[in-house]
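To start, the structure under review is shown below, and the notes come after it.
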There are 2 protein chains.
Amino acid sequence: MTSILLVDDEVALLRTLSMNLRARGYEVLTAESGEDALARVRRDSPDVVILDLGLPDISGVEVLRQLRGWSTVPVIVLSARHGSDDKVEALDVGADDYVTKPFGIDELLARLRAAVRRSGSVDAATVESGDLRIDLAGRRIWRDSEEVRLTPTEWGLLAALVTRPGRLVGQRQLLQEVWGPAYERETNYLRVYMANLRRKLESDPSRPRHLITEPGMGYRFLT
Amino acid sequence: MTSILLVDDEVALLRTLSMNLRARGYEVLTAESGEDALARVRRDSPDVVILDLGLPDISGVEVLRQLRGWSTVPVIVLSARHGSDDKVEALDVGADDYVTKPFGIDELLARLRAAVRRSGSVDAATVESGDLRIDLAGRRIWRDSEEVRLTPTEWGLLAALVTRPGRLVGQRQLLQEVWGPAYERETNYLRVYMANLRRKLESDPSRPRHLITEPGMGYRFLT
DNA sequence: GAAGGGCGTCAAGGCTCCGTTAAGAACCGT
DNA sequence: ACGGTTCTTAACGGAGCCTTGACGCCCTTC
């Protein structure tokens, strides 16, 4: 089944669109803020994202920019602004389509079908980084063109870092995302699994170039 | 260099667009009728087609329909008609985008860039892989040039994997797609049917080269 | 210089998950 | 109705993953 992530802060629009999409056999996920949207793409990897530009926290364009750092999921942008500049910016940042409000539901659905149809033939979103190549959607990873296999927990931890390239991710947040809220204090896990990842991914695990420790705070992934 | 086929019968528009595109480094081909357009795609295989719907001989939608019989080139449709039905029809016949006249040249260029960016690969109806040949449309499969028969469930499972070559497909997703949403938890089925498939398709079922297990996550098909 | 916190490393045990098999149930065409 | 095929279900053994605790090192702090 095709899954759609619907990102909008207008609850009314969210509900009517959800109903329409579900009635047509799509699985619908929703988010009402930018951070929320990024987290859901990270966790649920939907097939298409419909993204309203007017969000309460981060701007929609910023969401798109961050997303494009590690994902090629098709994004259809919704906006109340008709200006040419807004369209150009969104499309150039990586939107696949741009629909201005108010829009006909039929048109949106047709553009959605077009996006889904195309998405089958697009190749994987890979994060390239010198000796590392990471295919997040396909869950594959190569080091020096040799494939490396990771366990589920190792993947969870790596993905939490790679989807925020270069940024510091706190220990508490990592533990929450990978092991669950009840494990906030188990920093042991982080040490063990960071060691596992480094042994598999770094050419010199004692001197990591990608998986960096920030003492007392957390870790970050450098490309 | 990226080549664009511009299809329009208004010579004025053709000229201004051509100039704009050439100034931005595109190679521009032109056609002023539907037959002409089809011929040029056949001969020159452009990277993107910009297609006006109002053509003198064949309707633009008909051009698109014929094109989609043998080509997956991205097509951006231009039209003076704002009606929702027209957009829906064009998009469903296979257009990648739909722009209504009058349009800002900047917007068209941005949509063009988006189309070029997306255009990556093609999807094949048959998958070849050393000792395996799979005809997805015809539901037939050969191993070492000998045809193998699969049961309906075996086909469903194999197809769910083969249509995403190399990518990990989660257990939950496989169960949903093949058996239905109510069977999300029945991982037994996966084990039994993966064993069946391996016995039929792998030369050494105990050491699979195509149907790979990712413990705790799911399975993937390697070509 | 000593103490302590934070981090990396390692190894062992428990336990989940996977592959395999087989037998009965359901389904199909004849 | 019958024979054959396909699907469901359950049980078992083994491989590999997660958890856990102990230990040593480095850096900071007192």
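By convention in this document, chain letters (A, B, ...) are assigned in the order of the sequence lines, proteins followed by strands, and residues within each chain are numbered from 1.
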*Rounded to the Å, how far apart are A/L211 CG and C/dC7 P?*
15 Å

Dump the pairs, protein N or O against N or O of nucleotides 19-23 of chain C, anything under 3.5 Å, distances to one decimal.
unit_1	atom_1	unit_2	atom_2	d
C/dG19	OP1	B/R198	NH1	2.8
C/dG19	OP1	B/R198	NH2	3.4
C/dG19	OP1	B/T213	OG1	2.4
C/dG19	OP2	B/Y219	OH	2.8
C/dG19	N7	B/R191	NE	3.1

_Atom pair distance, as rounded to whole Å: CE in B/M217 and P in C/dC17_ = 13 Å

_Rounded to whole Å, how long is the line connecting atom OH of A/Y193 with atom C1' of C/dC10?_
14 Å

Report all side-chain donor-acceptor pairs from residues 28-37 of chain A shorter than 3.5 Å, counting only partners two or more places apart or in another chain.
unit_1	atom_1	unit_2	atom_2	d
A/S33	OG	A/D36	N	3.2

_Output the rounded distance in Å from CD1 (A/I212) to P (C/dG6)._
21 Å

*In whole angstrom, give the distance that lies between atom CZ of B/R185 and atom C1' of C/dT16.*
16 Å

_Need one value for A/R149: base, sugar-phosphate or nothing, where a base atom within 4.0 Å counts as base even if backbone is also close, heavy atoms only._
nothing

*Which residues satisfy the ring-ring contact (aromatic ring centres under 6.0 Å, His included) test with A/Y193, sequence neighbours excluded?*
A/W179

*asked:* Looking at D/dC7, I'd like to know if its phosphate oxygens (OP1 or OP2) sit under 4.0 Å from a side-chain N or O belonging to B/Y189.
replied: no

*Do you know which two heavy atoms are closest between A/S3 and A/S45, and how far apart they sit?*
OG-O, 4.4 Å

*For B/W179 and C/dA26, give me the distance from atom CH2 to atom C1', rounded to whole Å.*
16 Å

*In whole angstrom, give the distance that lies between atom CG of B/L150 and atom P of D/dT5.*
15 Å

_What verdict does the side chain to side chain contact (heavy atoms under 4.5 Å, CB included) test give for A/I76 and A/V49, after you've listed the backbone C-alpha separation in whole Å, the side-chain angles of each residue and the deciding distance to 0.1 Å?_
CA-CA 6 Å; A/I76 300 177; A/V49 176; over 6 Å; no

*Applying salt bridge (Lys or Arg N to Asp or Glu O under 4.0 Å), name anything that partners A/E147, two or more places apart in sequence or on another chain.*
A/R140

*Report the distance from atom CG of A/L197 to atom C1' of C/dC7, rounded to the nearest whole Å.*
16 Å

*Above 12 or not: heavy atoms from other molecules or residues under 6.0 Å from CZ of A/R172?*
no

*asked:* How close do B/L211 and B/E202 get, counting heavy atoms only, and between which atoms?
replied: N-OE2, 2.9 Å

*Where is the tightest heavy-atom contact between A/R111 and B/Y98, given as atom of each residue plus distance?*
NH2-O, 2.8 Å

*Partners of B/F221 by ring-ring contact (aromatic ring centres under 6.0 Å, His included), sequence neighbours excluded?*
B/H210

*What parts of residues 153-172 of chain A reach DNA chain C, counting only heavy atoms under 4.0 Å away?*
A/Q171

*Check whether any side-chain N or O of A/T151 sits under 4.0 Å from OP1 or OP2 of D/dG16, and answer yes or no.*
no

